[in-house]
Amino acid sequence: MTNAETPQTASEIVAKEWQTILAYGPERVDPAVPRAAYNHPALRELFPAVSHGVLYLSRCTRYPWTHDVGTAFPQTSGGYRVRRQSDNTLLGVTETLDEAYQLIAATLPEGCGPAVDGTPDDL
């Protein structure tokens, strides 16, 4: 088995995806967004994905991803609306990106740990 065929661990998959997203330019996502999330060790362990300029975090590495981790949505008037999609709960509204990711880190699901290599069924 060559290195190219060696299965990656969940933490390796997550780390690789973070490096990809941290390298994105502003055409994909405001570069400050993944940097703000990455500053929180508990969030750095989750699988990141970007869609429509928004960073989503999942507790698993494979689709369908989990939706029980808060997401920071920019508001046109400024600030961020932090919502958990699994139950459509508004976790709060913050003025800054750093506050938004502090709130997300503080409201992680109970028992939330590093992302697992799999789908929500594997949690």
Discussion item. Restricting to side-chain hydrogen bond (donor to acceptor under 3.5 Å, both in side chains), what partner residues turn up for Glu99, sequence neighbours left out?
Written reply: Thr96
Discussion item. Suppose we screen for side-chain hydrogen bond (donor to acceptor under 3.5 Å, both in side chains). Which residues come up paired with Arg44, at least two apart in sequence or across chains?
Written reply: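 With neighbours one apart ignored, the set is empty.
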Worksheet, complete the sentence: Sequence neighbours excluded, the answer for side chain to side chain contact (heavy atoms under 4.5 Å, CB included) partners of His67 is Gln85, Ser86
Drop me the distance from [X]'s [atom1] to [Y]'s [atom2], to the nearest 0.5 angstrom.
X     : Y     : atom1 : atom2 : value
Ser51 : Trp65 : OG    : CH2   : 9.0 Å
Glu45 : Leu57 : CD    : CG    : 11.5 Å
Thr89 : Arg84 : OG1   : CZ    : 4.5 Å

Worksheet item: Side-chain contact, heavy-atom cut-off 4.5 Å: Tyr24 with Val50?
Response: yes
Item to complete: For the residue pair Pro34 and Pro48, establish whether any side-chain heavy-atom pair is separated by less than 4.5 Å.
Response: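 Of all side-chain heavy-atom pairs linking Pro48 with Pro34, none is under 4.5 Å.
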Shared hydrophobic cluster, [X] / [Y] (ILVMFWY, side-chain heavy atoms < 4.5 Å):
X     : Y      : answer
Tyr56 : Ile104 : no
Val54 : Tyr63  : no
Leu43 : Leu22  : yes

Considering all heavy atoms of both residues, which atom of [X] and which atom of [Y] are nearest to each other, and what is their separation?
X      : Y      : result
Tyr101 : Ala36  : CD1-CB, 3.9 Å
Cys60  : Pro64  : SG-O, 3.8 Å
Leu90  : Val82  : CD1-O, 3.4 Å
Tyr80  : Ala100 : CB-CB, 3.9 Å

Return all side-chain donor-acceptor pairs below 3.5 angstrom for residues 68-79, not counting sequence neighbours, or 'none' if the list is empty.
residue: Asp68; atom: OD1; partner: Arg59; partner atom: NE; Å: 3.3
residue: Asp68; atom: OD1; partner: Thr66; partner atom: OG1; Å: 3.4
residue: Asp68; atom: OD2; partner: Arg59; partner atom: NE; Å: 3.0
residue: Asp68; atom: OD2; partner: Arg59; partner atom: NH2; Å: 2.8
residue: Gln75; atom: NE2; partner: Gly78; partner atom: O; Å: 3.3

Practice prompt. Please list all pairs passing the salt bridge (charged side-chain N to carboxylate O under 4.0 Å, His left out) test where one or both residues lie in residues 22-32, with sequence neighbours left out.
Written response: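 Output for this query is empty, none listed.
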Discussion item. The criterion is salt bridge (charged side-chain N to carboxylate O under 4.0 Å, His left out); which residues satisfy it with Arg83, sequence neighbours excluded?
Written reply: none
Just list the side-chain donor-acceptor pairs under 3.5 Å for residues 9-17, sequence neighbours left out, or say none.
residue: Thr9; atom: OG1; partner: Ser11; partner atom: OG; Å: 3.1
residue: Thr9; atom: OG1; partner: Glu12; partner atom: N; Å: 3.2
residue: Thr9; atom: OG1; partner: Glu12; partner atom: OE1; Å: 3.4
residue: Glu12; atom: OE1; partner: Thr9; partner atom: N; Å: 2.8

Discussion item. Please enumerate all residues that pass ring-ring contact (aromatic ring centres under 6.0 Å, His included) together with Tyr38, with sequence neighbours excluded.
Written reply: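 Tyr38: ring-ring contact (aromatic ring centres under 6.0 Å, His included) contacts with Trp18.
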Enumerate, atom names and distances included, each donor-acceptor pair closer than 3.5 Å involving a side-chain atom of residues 108-123, sequence neighbours excluded.
residue: Asp117; atom: OD1; partner: Thr61; partner atom: OG1; Å: 2.8
residue: Asp117; atom: OD1; partner: Arg62; partner atom: NE; Å: 2.9
residue: Asp117; atom: OD1; partner: Arg62; partner atom: NH2; Å: 3.3
residue: Asp117; atom: OD2; partner: Arg62; partner atom: NH2; Å: 3.2
residue: Thr119; atom: OG1; partner: Asp121; partner atom: N; Å: 3.3
residue: Asp122; atom: OD2; partner: Thr119; partner atom: N; Å: 2.9

